[in-house]
Amino acid sequence: MTKEVIDKKRERFIISAIAVVIAIIAGLMSIYKFPLKLENMAEDSLYQNAGVVPNDIKIIAIDDKTLENLGPYTEWDRGIYADLFELLNKDAKGAPKVIGVDVVFNGNKNANTDERLVNVCSRYDNIVMASSVTFDSYVLKDSAKDYYRAQYISGEMGPFAQLAKAVDYGFTNAIYDDDGIVRRAYSQIKSGDRVYDSFAYKIASKAGDISEYPVYVEPFFVSKPGEIEKVSMSDVLDGSVSPDYFADCIVLVGVYEEGLMDSYRVPVDYSKEMYGVEIQANYVYAFLNDNMMYSVNALVQFLITFAFTFVFAYFALSSKLGRALMGLALMIALHLLLAILVLKISSYKLNLLATPIGIVFAFLLAVIYHYMKLQRSRMIEMREMLFSMAEAMAETIEGRTPYNANHTQNVAKRCMEMLDFINAKNKERKTELFFSEDDKRQLYLAAMLHDVGKMDIPLEVMDKPTKLGSREKDLRDRLEIIRLNIEVDALKGHLSRETADEMQRKIDVFINNLGAFNCGRPLKDEEWALINEISKSVYVDINGNEISYMTDEEIADLYIKAGTLSDKERNIMQSHVVYTDKILSHIQFGEHFKDVRAMAANHHELLNGKGYPKGIREEEIDTMTRILTIMDIYDSLIADDRPYKKPKSVKAAFEILDEEAEYGKVDKQLLAYAKELYLKDE
């Protein structure tokens, strides 16, 4: 399986996982209707559109006019209601279907008028009175031994005793949602051995055949505040409105004046409150016409929301943002259409906001995901560009000289081997050191660039395989010329044969051993003696002209005690780290490679402060730079492409590094890891 296929599978897995998480969150939001207030507002806006106001439900309003004519309604003689009922039922054929009175006739007031009201209500079977119940609750334990709180009716304030026997009545308690809106209604409540009907349910059951409903129902409102036909009770009582107006209608009698504190906020119109009698009229219509809405089962709601959100999230994360934006609009529109269709067909309502919120959230995550993906792509591109640049620089450096050709790549490779080895030790809990992938990339780049400054070092210094370097030929040629001159002087009699032979012998010995003197190895005393003699020798011809056997530069070169570089050349060679730092200062490495320049520039610094070029001490040298230093020295020691020395064995190289560690130059612990890594096969 190719890396590209693996990467694609990994990306699909990540996208699927993100989509699942978003879909689950959205699904839970749909179950718990979060955010509740906004969800309620959305459902009210879409579902609660008032329809055609029914003309067979009318209100007789206890309004300002009635109160002006009859006074405060709480002080009325109950005979007024008796008059109203007789007036409305005067013609049996033209009487209302039901007369619902949204007034609680609690307690006795006037014996005569109370009795008259009871007698009138006893004669007519179409009157429903109002009551008010008191709810309480107690804790129960179910079959699974889980506790729950059950609600029951602990008391009722209804019509006084005689009236209660003569008339039907139902409770008018309002159900407030958390946002203060009255959306739901009661149907019936069973408490103990008794069933309590709500006021609207009782009226509807008298007016026609109705279905059984759960305790709580959510009716559709068919009217906004003030839209149901209403007439002043005063106009009915004084004959201004004929009783025929109410023939075969459902008539609701109730307060219709702001000061009487019987108005509520309803879902069809937040700007105006609806009087309690109007709300009851809407409830009656809903019960009679089965005009109810129901919440979808929680599991079904979750699955619908999950499906919409998951499909869009996967699409958005997998597609370009332009297509995702179009998909967002399409999915929200489809969900809205589905919600409308489900309501029209089945009267069930879907949660409206969870899916759009999940979709919008998925889109925002898709934007972030694509941005991060783009940034990651750019970062990888930048990283690859940096690496390719580093490799190109290393190639340029190593291409300048046949010596040390693979040093840079070898050091980089060994640094990576060290980090992997230390990380393996960390997994075995044998060290606290651990290096991240970012650390590895930084050290690799630093290793590839650590000798970039050598591009500024002259080739005659970099490529100097011997002490004399290019001067060796000049020295040999000069000594051959001097030897020939000595021979000529001997033939011409200017020198004795014996003297000339001795001078030529010394020159021959020197020339024959020049390769040994020049190679950079430590010399013996007798070898130094011959070099000293030749360096001081001067040939003088018959005219007194002097020719020194060796120039000052050649003498200085041959007097190099170790290696092939003079102090001046060594300083030039060591300056490559200064040039490395200078070159790298022009490169913007960014946050992920911020330590590369320092690591590359400090790879010749030593813990005891005797390194170069800055002579910084241990506390200023980080762990990865210390590793780079050890690997640089190690590779130089075992390299087999250095003309000025033979390669050391791995064991010998670490013996030298052990001495360096004892002098406090390199890190002992890191060196121990390197020895464990590279000496395991020795």
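Residue numbers run from 1 in the order of the sequence given.
- Residue-environment remark: CE (M379) exceeds the threshold of 12 foreign heavy atoms within 6.0 Å.
- Between F310 and F306, the two ring planes are parallel [angle under 30°; tilted spans 30° to 60°].
- Of the possible polar contacts, none joining the R497 side chain to the A490 backbone as a donor-acceptor pair under 3.5 Å is found.
- Side chains of N410 and N406: a donor-acceptor N/O pair is absent below 3.5 angstrom, by distance only.
- To the nearest 0.5 Å, the span separating CE on M631 from OH on Y678 amounts to 5.0 Å.
- Proximity of L607 to V666: side-chain heavy atoms (C-beta onward) are nowhere separated by under 4.5 Å.
- Other residues, nucleotides and ligands contribute only 12 or fewer heavy atoms inside 6.0 Å of the CD atom of Q588.
- A 4.5 Å side-chain heavy-atom check between E554 and D474 finds at least one atom pair inside the cut-off.
- Ionic pairing of E620 and K614 is not present here: no N-O contact between side-chain nitrogen and carboxylate oxygen is shorter than 4.0 angstrom.
- With hydrogens and angles disregarded, a donor-acceptor distance shorter than 3.5 Å links the side chain of N512 to the backbone of D508.
- Between L671 and I630, the closest heavy-atom pair is N-CD1, 3.8 Å.
- Side chain of S16 to main chain of R12: a donor-acceptor pair is present (N/O by atom type, distance under 3.5 Å, no hydrogens or angles).
- Note: F434 CZ to N426 CG = 6.0 Å, rounded to the nearest 0.5 Å.
- For R476, the CZ atom sits in a packed shell: over 12 heavy atoms of surrounding residues, nucleotides or ligands are nearer than 6.0 Å.
- Using cut-offs of 30° and 60° on the angle between ring planes, the pair H604 and Y612 is parallel.
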Test side chain to side chain contact (heavy atoms under 4.5 Å, CB included) applied to L584 and V452, step by step: CA-CA 9 Å; L584 298 186; V452 69; 4.2 Å; yes
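- Put simply, the side chain of R626 gets close to the backbone of E618: a donor and an acceptor are under 3.5 Å apart.
- Once rounded to the nearest 0.5 Å, the distance linking CD of E11 with NZ of K373 reads 3.5 Å.
- F510 and Y549 have their aromatic ring centers separated by at least 6.0 angstrom.
- Within the 3.5 Å criterion, the main-chain N or O of M385 finds a donor-acceptor partner in the side chain of S388.
- When the shell of 6.0 Å around NZ of K33 is examined, it contains more than 12 heavy atoms from other residues, nucleotides or ligands.
- A heavy-atom distance below 4.5 Å is found between the side chains of P35 and I357.
- E546 contributes no side-chain N or O that, together with a main-chain N or O of V540, makes up a donor-acceptor pair within less than 3.5 Å.
- Under 3.5 Å, the side chains of D439 and Y444 contain no donor-acceptor pair of N or O atoms.
- Between the D489 side chain and the H494 main chain, no donor and acceptor come within less than 3.5 Å of each other.
- Judged purely by distance below 3.5 Å, without hydrogens or angles, the side chains of T625 and D622 pair a donor atom with an acceptor atom.
- In terms of heavy atoms, R505 sits closest to E502 at NH2-OE2, 2.6 Å.
- Under the 4.0 Å criterion applied to side-chain N and carboxylate O atoms, E381 and R378 are not assigned as salt-bridge partners.
- One finds the CG atom of L328 at 10.5 Å from the CZ atom of F315 (value rounded to the nearest 0.5 Å).
- Between E432 and K425, every side-chain heavy-atom pair lies at or beyond the 4.5 Å cut-off.
- In this structure a side-chain-to-backbone donor-acceptor pair under 3.5 Å is missing from E660 to K665.
- Across all their heavy atoms, V577 and A601 have their closest contact at CB-O, 3.9 Å.
- Side-chain contact of H407 with D632: a donor-acceptor pair under 3.5 Å is present, judged by distance alone.
- The two residues L628 and H450 have their closest heavy-atom pair at CD2-CB, 4.2 Å.
- At a threshold of 4.5 Å between non-hydrogen side-chain atoms, the residues D541 and N485 do not count as touching.
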Working for side chain to side chain contact (heavy atoms under 4.5 Å, CB included), residues K8 and E4: CA-CA 6 Å; K8 284 184 178 179; E4 184 178 355; 3.7 Å; yes
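- With respect to D477 and K473, a salt bridge is recorded, a charged nitrogen being found less than 4.0 Å from a carboxylate O.
- Put simply, the side chain of L475 does not reach to within 4.5 Å of the side chain of R471, judged on heavy atoms.
- No hydrogens or angles considered: a donor-acceptor pair under 3.5 Å links the side chains of T431 and Y673.
- Using cut-offs of 30° and 60° on the angle between ring planes, the pair F387 and F593 is perpendicular.
- Although no hydrogens or angles enter the test, the distance criterion places a donor-acceptor pair under 3.5 Å between the side chain of R617 and the main chain of N608.
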Trace of the side chain to side chain contact (heavy atoms under 4.5 Å, CB included) decision for F13 with I18: CA-CA 9 Å; F13 175 79; I18 295 173; over 6 Å; no
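- The CE atom of M331 lies 14.0 Å from the CZ atom of F363; values are rounded to the nearest 0.5 Å.
- Closest of all the heavy-atom pairs between A661 and K668 is O-CE, 3.6 Å.
- With hydrogens and angles ignored, the 3.5 Å screen pairs a side-chain donor or acceptor of S649 with a backbone N or O of A652.
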Side chain to side chain contact (heavy atoms under 4.5 Å, CB included) evaluation trace for D667 with T629: CA-CA 9 Å; D667 191 297; T629 300; over 6 Å; no
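- Side-chain contact check for H603 versus D451: some heavy-atom pair is nearer than 4.5 Å.
- In terms of heavy atoms, A446 sits closest to M599 at CB-CB, 3.8 Å.
- Residue R478 holds its CZ atom at 8.5 Å from OG of S548, rounded to the nearest 0.5 Å.
- Heavy atoms of other residues, nucleotides or ligands lying less than 6.0 angstrom from CZ of F34 number 12 at most.
- The side-chain heavy atoms of L670 and I422, taken from C-beta on, include a pair separated by under 4.5 Å.
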